[in-house]
Protein chains: 2
Amino acid sequence: MGTVTTTSKSEAAYQLVSERITNGAYSPGYRLVLGTIADELGCSVVPVREAIRRLEAEGLVHFTRNVGATVAHVDSTLYLHTMQTLMIIEPAATALAADSMDAAWLARARELNEKMRQCLEDFDPVAFTRMNTEFHQLLYGQCPNPHILDLVQRGWRRLAAMRASSFTHIPYRARESVKEHDALLDLIADHATPAQIEAACREHRAHTLNSYLKAAGMEPSAI
Amino acid sequence: MGTVTTTSKSEAAYQLVSERITNGAYSPGYRLVLGTIADELGCSVVPVREAIRRLEAEGLVHFTRNVGATVAHVDSTLYLHTMQTLMIIEPAATALAADSMDAAWLARARELNEKMRQCLEDFDPVAFTRMNTEFHQLLYGQCPNPHILDLVQRGWRRLAAMRASSFTHIPYRARESVKEHDALLDLIADHATPAQIEAACREHRAHTLNSYLKAAGMEPSAI
DNA sequence: GTACATCAAATCGTATACGATCAGTGTGCG
DNA sequence: CGCACACTGATCGTATACGATTTGATGTAC
């Protein structure tokens, strides 16, 4: 009501389902029945259908003609593929955003990383994950190329959906992560070239990926 | 009736409009009216609407609520952004596909590139462009990561739509392109590492981009 | 007991209909 | 003469309705 922007029912349906998938209310495999969701939203099936198809395009739901939609299953392969995609795009996006990383930006990034460190002390993994996402958004968020930005955001959304299904809660390398963030910020503070930033960022992501592979008992090259 | 595969009307609408955009029948700015397209297809507006929204998600169509859809305008910025995105993803996809580049593959690639060279002799730019697309598909097509593959294909689709609107028909550096293709194939034949392939591929794309920038009278860094 | 054919319930796909919204146009007032 | 406002036509957004398709269950023959 407070919103001036006229939100269509289709948009509302999209946001509702999207939210429920990313926060885990709908687990992978959950059957998304158009009529049910429509009833819940107090609208007809048409807008819901559109929302589901959009989510399908994003890879969050699996859709079969004349059968229906289910929340996309997450398996190891899918996770690795998403990570691999992000490993390519996110560093590039971050490098492109380098221009807008001024002193004020750096201060915010430092502050956020300190908060993450605090979360470690407090054993608060949920807040840590949230802030980690926020930190990375800060990194690539000013990327001037909207297409690239969009791709990165989609990747993170998918990761969020996977995490919500408690798939990737492996013994997290949170401590190393924070250190690597600091090192990256040091690099930026020293006016590193975009190429250097990109390399460091990719390293960071590769470490995360490798630690997952190791935890899952796979070879580092098993992707 | 003849078709065994049940193609939905929505899919038919998607393919029709998509085709017309990519081959230039619908120029940028062209107004896509649901009812009109629906009549033409002999179906109702609902499937058409879904098709349009899908095209919007791909960036081929611009959509305004309660107003309608138009074929997306292509300007220099959009072109550069798309090129920049492809410059990041396509080389990565190609590197990932390196494993499946065996002798038979190499032979096909060589043959295709020779055909392109022949197109140059014959002054047939349309065929050249088609084969260039095909050549690049051969390069990244066996990328085992479906997400990355999808991103690359979307990029090329958008480029095709732009070309159809006769936007990027700048004096083409076709001759250099063919040479670079050969050099790349030599590299692959010599069992280069994926990293080397990626670098070479990125170089190739950077050259294309720079030649466009130069032709448009922009600085190479103006992206 | 198993395999297959048949049937019914559930769900999707699309047509049609109507209300909502927006761009363009004409009219009245300043 | 120019601007603001109401009106109109076009188009979209969504509800409802019905046919099409699939799935799972039931019953029957072997």
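The chains referred to below are lettered A, B, ... by the order of the sequence lines, with proteins before strands, and numbering in each begins at 1.
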Visitor: For nucleotides 13-18 of chain C, give me one character per nucleotide, 5' to 3': B if any protein heavy atom sits under 4.0 Å from the base, S if the only such contacts are to the sugar-phosphate, - if neither.
Guide: SSBB--
Visitor: Which residue pairs pass the salt bridge (charged side-chain N to carboxylate O under 4.0 Å, His left out) test with at least one member in residues 27-46 of chain B, sequence neighbours excluded?
Guide: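 Listed once each, the pairs are B/Arg20-B/Glu40.
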Visitor: Take atom CD in A/Glu11; do more than 12 heavy atoms of anything else shown fall under 6.0 Å from it?
Guide: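 Atom CD in A/Glu11 is crowded, with more than 12 foreign heavy atoms closer than 6.0 Å.
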Visitor: Can you name the residues that form a side-chain contact (heavy atoms from CB on, under 4.5 Å) with B/Ser44, not counting sequence neighbours?
Guide: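 So B/Ser44 forms a side-chain contact (heavy atoms from CB on, under 4.5 Å) with B/Val46, B/Pro47.
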Visitor: Give every residue pair that meets the salt bridge (charged side-chain N to carboxylate O under 4.0 Å, His left out) criterion with at least one member in residues 93-108 of chain A, sequence neighbours excluded.
Guide: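 Found none.
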Visitor: At what angle, to 10 degrees, do the two end axes of the helix from C/dG1-D/dC30 to C/dG30-D/dC1 meet, given five pairs define each axis?
Guide: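 So the angle between the two local helix axes works out to 10°.
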Visitor: Indicate, with a heavy-atom threshold strictly under 4.0 Å, whether B/Leu41 touches base, sugar-phosphate, or nothing.
Guide: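 The answer is nothing, as B/Leu41 stays clear of every strand by at least 4.0 Å.
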Visitor: Can you sort out the partners of B/Lys214 under side-chain contact (heavy atoms from CB on, under 4.5 Å), two or more places apart, ordered by chain and number?
Guide: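 B/Lys214 satisfies side-chain contact (heavy atoms from CB on, under 4.5 Å) with no other residue.
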Visitor: With the criterion being N/O to N/O and under 3.5 Å, what pairs connect the protein with nucleotides 6-8 of chain D, and how long is each?
Guide:
none

Visitor: Distance check needed: C/dT11 P versus A/Arg31 CZ, whole Å only.
Guide: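 Result: 6 Å.
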Visitor: A/His147: which residues meet the ring pair (Phe, Tyr, Trp, His ring centres under 6.0 Å) condition with it, sequence neighbours left out?
Guide: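 Residues passing ring pair (Phe, Tyr, Trp, His ring centres under 6.0 Å) with A/His147: none at all.
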Visitor: List the residues meeting side-chain contact (heavy atoms from CB on, under 4.5 Å) with B/Glu58, not counting sequence neighbours, and say none if there are none.
Guide: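 Partners of B/Glu58 under the side-chain contact (heavy atoms from CB on, under 4.5 Å) test: B/Tyr14, B/Leu60, B/Arg154, B/Arg157.
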Visitor: Once side-chain contact (heavy atoms from CB on, under 4.5 Å) is applied, do any residues pair with A/His62, and if so which ones, sequence neighbours excluded?
Guide: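 Expected list: A/Thr64, A/Thr70.
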Visitor: For B/Phe63, which residues count as a ring pair (Phe, Tyr, Trp, His ring centres under 6.0 Å) partner, sequence neighbours excluded?
Guide: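 For B/Phe63, no residue satisfies ring pair (Phe, Tyr, Trp, His ring centres under 6.0 Å) once neighbours in sequence are set aside.
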Visitor: With A/Gln153, which residues qualify under side chain to side chain donor-acceptor pair (under 3.5 Å), at least two apart?
Guide: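 If we apply the side chain to side chain donor-acceptor pair (under 3.5 Å) test to A/Gln153, skipping adjacent residues, there are no hits.
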